[in-house]
Amino acid sequence: MQHSHDHGHHHHHGEGQTENRLWISIGLNFVITLAEFIGGIISGSLSLLSDALHNLNDTTSLGISLAARKISKKDANKDKTFGYQRAEIIGAFINLITLVIIALFLVKEGVERFYNPQPINGTVMFTVAIIGLLGNVITAVLLFRSSEENINIRSAYIHIMSDAFSSVGVIVASLLILYYQLYIIDTILTMVIAGYILWQSYYMLRETINILMASTPANIEVPDVKKAMTDVTGVHDIHHLHVWRLDEQNILLESHVVIDENDMDKMESIKSKLKTLLGTDFNIHHSTLEFEFKPCEKYGENPCH
Ligand SMILES: [Zn+2]
Ligand SMILES: [Zn+2]
Ligand SMILES: [Zn+2]
């Protein structure tokens, strides 16, 4: 029997390093949060306070990423036969939802400041924004190397880049406030930052929801898979075909395969051909194939499982 798979095992190189980087990022984010919170109170800048809140959220988000990494490494067991990989997806989902809430909070703050502008101490704002930028840049560099690895690290990275971008914005705004008392720039900046975060979150949220909804991966066309499988010699029909992702890396497939009753002795070789095809052409390494001699009744309208 061809049955080679590896549920729940993902040993990447430098995994411990990634974890160390996450820990350092959490520490740095906490320091930024504290600095911005104190700076926000001293300067009277609401934008610094809401940025502090944002960075506090970053600290907890990174904590979720770290916890998700640890949980998803656990092996599959009798209660969780798929393993724990989806823990990371759920972690990313919570991350993004929290981010959207914070971004909407920033929009609300911005709208209020349009009607009720507050005087701001530009010097304190400038100093704290510089500290924030340094912290964000160090964090971004630390996470950069593992940015392709998964949604969580990537979302954390994109996130921190947007933080650095907003820190630069706050520096520019603080200078405009220092020299021109241009308080409105603070409100405009808040809107730009929040808009950017919402725009980024939309795409990443869509991706995590697609995985949780067991959607077909974007790079796979089910009709193509069906055609390629049907083209294998001896296969009469393919139906009840499902393709979904366990996490970002692992694609799963299940299908009914109709063969001729006279080809019963060729079943193993047909199955082997199908599995090879799925692995090489579609990068699907875990499939469950149910063989039939005639299609189960009216599968078109009412698929039998
Ligand atoms: Zn299996
Ligand atoms: Zn952030
Ligand atoms: Zn069937």
Side-chain angles (χ1 to χ4, degrees), residues 10-41 47-74 84-103 106 124-171 193 196-197 200-201 204 207-208 247-249:
H10 291 278
H11 299 294
H12 304 297
H13 281 284
E15 206 160 75
Q17 249 184 319
T18 304
E19 263 177 36
N20 287 341
R21 289 193 190 121
L22 275 171
W23 274 116
I24 296 166
S25 305
I26 290 169
L28 277 169
N29 261 283
F30 186 71
V31 171
I32 298 168
T33 305
L34 211 62
E36 286 189 336
F37 181 72
I38 295 166
I41 288 176
S47 73
L48 262 186
L49 270 180
S50 43
D51 203 42
L53 188 67
H54 170 108
N55 276 310
L56 179 67
N57 172 60
D58 287 359
T59 311
T60 50
S61 301
L62 285 165
I64 291 168
S65 294
L66 190 66
R69 286 184 71 82
K70 287 196 180 298
I71 293 166
S72 62
K73 260 188 280 178
K74 285 171 73 174
Y84 287 81
Q85 277 112 306
R86 282 250 174 119
E88 273 193 294
I89 306 300
I90 293 167
F93 185 72
I94 295 167
N95 258 346
L96 290 164
I97 292 290
T98 317
L99 194 59
V100 167
I101 292 168
I102 297 285
L106 288 176
V124 174
M125 192 179 164
F126 176 80
T127 311
V128 174
I130 290 282
I131 294 169
L133 179 64
L134 281 175
N136 288 141
V137 167
I138 294 167
T139 315
V141 168
L142 285 170
L143 290 173
F144 178 70
R145 274 166 228 179
S146 44
S147 66
E148 285 304 308
E149 216 173 290
N150 62 44
I151 291 180
N152 276 299
I153 297 293
R154 206 163 66 224
S155 71
Y157 173 67
I158 288 172
H159 189 132
I160 285 155
M161 283 307 286
S162 70
D163 288 357
F165 168 74
S166 61
S167 291
V168 171
V170 175
I171 289 166
I193 294 166
Y196 177 77
I197 290 170
Q200 288 288 333
S201 306
M204 308 206 68
E207 171 81 347
T208 50
D247 56 17
E248 277 192 292
Q249 289 88 26

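From a predicted model like this one, the values you see are computed outputs, not experimental measurements.
- The shortest non-hydrogen separation linking Ser167 to Gly132 is OG-C, 3.8 Å.
- To the nearest 0.5 Å, atom OG1 of residue Thr208 and atom CG of residue Asp247 are 13.0 Å apart.
- A side chain to side chain contact (heavy atoms under 4.5 Å, CB included) with Leu133 holds for exactly one of Val168, Ile138, Ile32; it is Val168.
- The two residues Val128 and Ala35 make their nearest non-hydrogen contact at CG1-O, 3.8 Å.
- Expressed to the nearest 0.5 Å, how far CZ of Phe93 lies from OG1 of Thr98 amounts to 10.0 Å.
- Rounding to the nearest 0.5 Å places OG1 of Thr33 at 10.5 Å from CZ of Phe37.
- Closest approach of Ala87 and Ile71 over heavy atoms only: CB-CG2, 3.6 Å.
- Considering only heavy atoms from C-beta on, Gln85 stays 4.5 Å or farther from Gln249 through its side chain.
- The minimum heavy-atom distance between Gly135 and Leu28, with the atom names listed, is O-CD1, 4.1 Å.
- Atoms CD1 and CD1, on Ile94 and Ile89 in that order, are 12.0 Å from each other to the nearest 0.5 Å.
- Rounded to the nearest 0.5 angstrom, Glu248 CD and Arg86 CZ are separated by 12.0 Å.
- Atom CG of Asn29 is separated from atom CG of Leu34 by 12.0 Å, given to the nearest 0.5 angstrom.
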